[in-house]
Amino acid sequence: MPIPKKKMIEMYTTMMKIRMFETKVSELFAANKIPGVVHLYIGEEAVATGVCATLRDTDYITSTHRGHGHLLAKGGDVKLMLAEVFGKKTGYCKGKGGSMHIADIDLGILGANGIVGGGPPLAAGAALAAQYKGTDGVAVCFFGDGASNQGTTHEAMNLAACWKLPVVFVNENNMYGLSSCALNTMCVADVADRAAAFGIPGVVVDGNDVIAVYEAAVEAVKRARKGQGPTLLECKTYRHRGHTEGDPGTAYRSKEEIEEWKKKDPIPRFEKRLLQGKVLTKQTMESILTTIANELAAGEQFAEESPYPETSDLTTDVYVD
Amino acid sequence: MPIPKKKMIEMYTTMMKIRMFETKVSELFAANKIPGVVHLYIGEEAVATGVCATLRDTDYITSTHRGHGHLLAKGGDVKLMLAEVFGKKTGYCKGKGGSMHIADIDLGILGANGIVGGGPPLAAGAALAAQYKGTDGVAVCFFGDGASNQGTTHEAMNLAACWKLPVVFVNENNMYGLSSCALNTMCVADVADRAAAFGIPGVVVDGNDVIAVYEAAVEAVKRARKGQGPTLLECKTYRHRGHTEGDPGTAYRSKEEIEEWKKKDPIPRFEKRLLQGKVLTKQTMESILTTIANELAAGEQFAEESPYPETSDLTTDVYVD
Amino acid sequence: MPTMNFAEAIRDALRIEMERDPNVYLIGEDVGTFGNVFGVTKGLIDQFGEKRVRDTPITESAIIGAAVGSAACGLRPVAEIMYIDFIGVALDQLYNQAAKMRYMFGGKITIPMVLRSACGAGRGSAAQHSQSLEAWFMHVPGLRVVMPSTPADAKGLLITAIRDDNPVVFLEHKLLYNTKGEVPEGEYTIPFGQADIKREGKDVTVVATARMVHYALNAAEKLAADGIDVEIVDPRTLSPLDEDTILDSVKKTHKLVIVHEEVKFAGSGAEIAAMVAEKAFDYLDGPILRVAAPFCPVPFAPSLETEFIPSEEKIIEGVKTVVQG
Amino acid sequence: MPTMNFAEAIRDALRIEMERDPNVYLIGEDVGTFGNVFGVTKGLIDQFGEKRVRDTPITESAIIGAAVGSAACGLRPVAEIMYIDFIGVALDQLYNQAAKMRYMFGGKITIPMVLRSACGAGRGSAAQHSQSLEAWFMHVPGLRVVMPSTPADAKGLLITAIRDDNPVVFLEHKLLYNTKGEVPEGEYTIPFGQADIKREGKDVTVVATARMVHYALNAAEKLAADGIDVEIVDPRTLSPLDEDTILDSVKKTHKLVIVHEEVKFAGSGAEIAAMVAEKAFDYLDGPILRVAAPFCPVPFAPSLETEFIPSEEKIIEGVKTVVQG
Ligand SMILES: Cc1ncc(C[n+]2csc(CCOP(=O)(O)OP(=O)(O)O)c2C)c(N)n1
Ligand SMILES: Cc1ncc(C[n+]2csc(CCOP(=O)(O)OP(=O)(O)O)c2C)c(N)n1
Ligand SMILES: [Mg+2]
Ligand SMILES: [Mg+2]
């Protein structure tokens, strides 16, 4: 089934929004406007985009420390995200969470997560809720190659398999967990091989090809919705930036490797396809970018101008009274 | 290569020692002589026996809550074990550990363990020590089908695979983790399938056939000693008793199933083989049993007559000063 | 009022809440057919089926995570960790996820879940099956910590816990399961943060939790014979802690002994003592004493375990020390 | 004496011990080529190679387990958990295995290992990368808990930790890494259980840990201007806790303020307060105060994080409250 033009444009827009958002964050971080650390998604946009393009607002996702892309792809609001990254009271979490802890329960976003392997068990729980209530909702768990070594991830996949929970485990294999190359942290060729331990399908896809990701996700999500249980979908990709901003990312990766992967950048690749397929013209692309740029500029201004939380906010939101 | 007669007799002796030890413990427990709970190994003797028959005193094992069989097979002393199970000061752990925490570091026994999945990371560590020191020592990790779902187990297998640690993960698949049937707790046919997640060999063996276990263990141990890394060796077996003494074990298992497995009892099976192969005569068997019975009787008396630890022992052994 | 034991009271609470709210479900190891290792959930699977009484693999991080995730999405899980000692393989899901999500997300998520678990020594279960660890949970903002001492309290507090919109750690002392008491029929709740004065007295305040409440009550009877009138305060919930009731009692008696079963050093009693030393110092006549376990793991041998657990005698001794100055 | 920063002092200790004893090795995430996220282990892999500086997958239970198992078999691992916040996925291996094995096995096993980890708030790292949690570790019999405040202490205490035959949790406040101080050259040890009086004074005792020692020192300077002479006691090891030095100081000053960064409720200061309220009650002039974090997760926004962390002002206020009665 060919992908509708509208979906293609939506995906292009999402990818560009992520790229431009992250580029903006990078600049703002360099300008010392953002406290703490940020983990950028540049280079991996096709994964979140392709996967989330198959989801509904009522579906759930769990995210990671590298969450901006997931959140934007699931519909996260640029303004609220930027304000949160700045630590402002108007942000998604009133400034209490920051980059690593943005959530939007109304959009089914159960939060970025500072704990590697923290998300998978939560995703199993969200999927359980959908199954329990008898909706055909699905949960998607994003996690990295590094996170695929964490015991909690295995437990979640096993439980999901046992109960045929509607969850898709989307592994973003960018080949590194911080400085550790996946070649040294696992002895399988593909993270997807790990599906065999749980009796679920393991699928490998080119994570820099948004169409391939989308198509694989459609299948996995369909399976989940139909009650056929979880899938482990591995998307091979690469992060262009360091682990965090501030890390040049070159102490453990060769310049050649980085350059080679930059040539496989998912965005120009998709652009070319869209232009060749006449889905978009250069001009419409430009106008999309302008719209995003405007949204980002407005978001930045909003974030900049927003107040920091007040002292009296410190101990609120700990409990529901 | 045929198994030397001496090894066969040694294995028979070990299996019988475990069976008779556990039978004795069962009686003593019923007679209220043993505090706490005991998890008996009856029906599974071929696993510990076959595996430990391939090990040296300088090799390590980590055990489980169901540890008596492992300890005896690795050379554990009946007297010291019984005294410990009684909670006596003369026991392996001065009465501080009890059935679930017996260790003998001189025999490489790094302890029974009350935490399901507690042992695998420790076994990886013991194997690391052997590798680090450049000995050809090996660590064996016994763990159950239930424990194969615990995240710590996966982590240990992965680390061992990455570092080619000399460890053999021996899964004792007795089909149940307490009341939970493995059919409901994993979606793979064999625990050994999980090896695929770590890129290590996964081997399935009839765990009620001590010769088969021994032969498979020889291979796995050889691999480990040669620096070729870990193996996951699954031994299919069954526990005849309940999860603990006191649990009839019938609320979650049918009488038929239990009966069927009792027909596959590893001991009569091995006995038949020994007799047919003329490795042992009925008479020599009898004399072996008498020796064991005497050892057990002496052990029981020792345990019975030994004093409980004194109040002043309570807070010793917490730290090395 | 009917008499039932502690385990039955808990089951009663579970049944009432499961009947009342279809979103309440149980999740844990051996909670189904087996009915929990202490029989607590016996029969519930027959009434509510496998969907609502969910046996899991041995995989505590997934159990808690599934509870947290499903609670975030509208269910009200009652998860069980068989023994609280096992929490170490899964603590992240409790303290970094369940407890902090609401705060980290700016108040925009709700995690209405209960984590039930058996705690306490006294059954010869040794070092890895006998701990209490309530001090750890108290230290985590975002968690409620409940530690009942009687069947009636257990029932009412558990109903409150299930209806509460916060993650609650509910600790059940395993030697209380068979203890009996009168328990009101039907549904009722006991508010969190409300200590119960289990015995009124004027000479000395004893704050005790869980099984130690009963030890303290026995000790108090004996002390009464010596003319010492003990007031026993059972906090029932350690977080929130009902500081006022404790302070009021101390202001009346001017003397304080704290009794708990967990290890004394950095245990729950430390917070209570510190709180009183700050807020009612001027009312105190003398030192605050803690009667609690010594600084060692729980031993296996009965002779040692008995010595490990605070005894009536030690409570009596502690009270006398404080009273006689 | 050379001047170096806290991170360098720790590296110095690691290097000295690795040179001295071939069984000492490092294990953790990104401790090799990357040299630890704070640069602490930088260069060590070049000197000692991959065998002794071991990068692991992200798998904390296996990290600690490998350390415990290898320690049981004769090595002396220094394991690293990148941030102590992550301990929740691996705590079992620390408190049920490492800490209890010796006792459970009747004293017949030795687990000489160190677990280093970065703790503390102040870098905008939010709720899951800023905790301290020392109170949890204190509560575990079998563990040593070290919390240095200066480069010189860090070095001497780490050498002691590596040579100690018990499992040691070594907490490094991440905002101390760049702080400088004089550090003796070569090897030296600082005994566990020996508090250091960081400032002598006669009017009030302030017990402070890690980064709070420096806040307290600054506060003391300002208070001196107001004629209040503060004595600052740095326990350095929380377990064992040097009760005597604290008690002696209180017996001299009759006033006590405890300052720590972790959450006040059931925090490490509770034990110190409770201990003093038991053992030096009669020497106290008035209430014991704790200046510590409020009962909430660590917030992200700088405006909130600053408020979360005890400040010089709050210490000054606390001291004045106690002194002025
Ligand atoms: C439990 C835990 N361990 C370690 C870390 C530190 N850490 C944060 S991100 C990261 C690397 C994660 O790698 P991966 O899962 O591949 O995700 P990626 O960063 O490549 O997107 C590490 C080690 C953490 N946050 N949580
Ligand atoms: C972490 C943890 N979870 C749960 C338990 C309780 N428990 C003890 S043994 C057991 C079953 C273990 O099953 P398996 O690994 O198959 O071993 P088996 O008993 O069959 O030998 C359970 C659930 C425990 N001791 N530790
Ligand atoms: Mg990665
Ligand atoms: Mg089993």
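The chains referred to below are lettered A, B, ... by the order of the sequence lines, with proteins before strands, and numbering in each begins at 1. Values below: all heavy atoms of this structure, side chains included; hydrogens, waters and symmetry mates excluded.
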Checklist entry - Is chain C contacted by the side chain of D:Val276, its backbone, both, or neither, given a heavy-atom distance below 4.5 Å? => result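 Interface part for D:Val276: neither.
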Donor on one side chain, acceptor on other, [X] and [Y], under 3.5 Å:
| X | Y | value |
| --- | --- | --- |
| C:Thr110 | C:Arg102 | yes |
| C:Ser125 | C:Ser130 | no |
| D:Glu134 | D:His260 | no |
| C:Glu261 | C:His173 | yes |
| C:Thr245 | C:Asp248 | no |

Next on the checklist: Other residues, nucleotides and ligands only: do more than 12 of their heavy atoms fall within 6.0 Å of OH on D:Tyr283?
Outcome noted: no
Using heavy-atom distances under 4.5 Å, tell me whether [X] contacts chain D through its side chain, its backbone, both, or neither.
| X | value |
| --- | --- |
| C:Met138 | both |
| C:Ile272 | neither |
| C:Pro294 | neither |
| C:Val322 | neither |
| C:Leu284 | both |

Next on the checklist: Quick check for you: among C:Met275, C:Lys279, C:Gln131, which has the greatest number of heavy-atom pairs under 4.5 Å with chain D?
Outcome noted: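 Sorted descending by pairs with chain D, the first entry is C:Gln131.
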Item to check | Most contacts with chain D, counted as non-hydrogen pairs under 4.5 angstrom, among C:Phe300, C:Phe295, C:Tyr103, C:Trp136 | outcome: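 When all of C:Phe300, C:Phe295, C:Tyr103, C:Trp136 are compared, C:Trp136 has the most.
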Name the member of [options] that forms the most heavy-atom pairs with chain C at distances under 4.5 Å.
| options | answer |
| --- | --- |
| D:Ala273, D:Ala126, D:Gly267 | D:Gly267 |
| D:Asp282, D:Leu289, D:Val298, D:Asp85 | D:Asp85 |
| D:Gln97, D:Met104, D:Lys100, D:Lys264 | D:Lys100 |
| D:Gly269, D:Ala274, D:Pro297 | D:Pro297 |

Checklist entry - With under 30° as parallel and over 60° as perpendicular, where do the rings of C:Phe86 and C:His129 fit, or are they tilted in between? => result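 Ring orientation, 0 to 90° scale: perpendicular.
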Checklist outcome for this item: In terms of heavy-atom contacts, C:Ala277 and C:Ile288 come closest through N-CD1, 4.1 Å
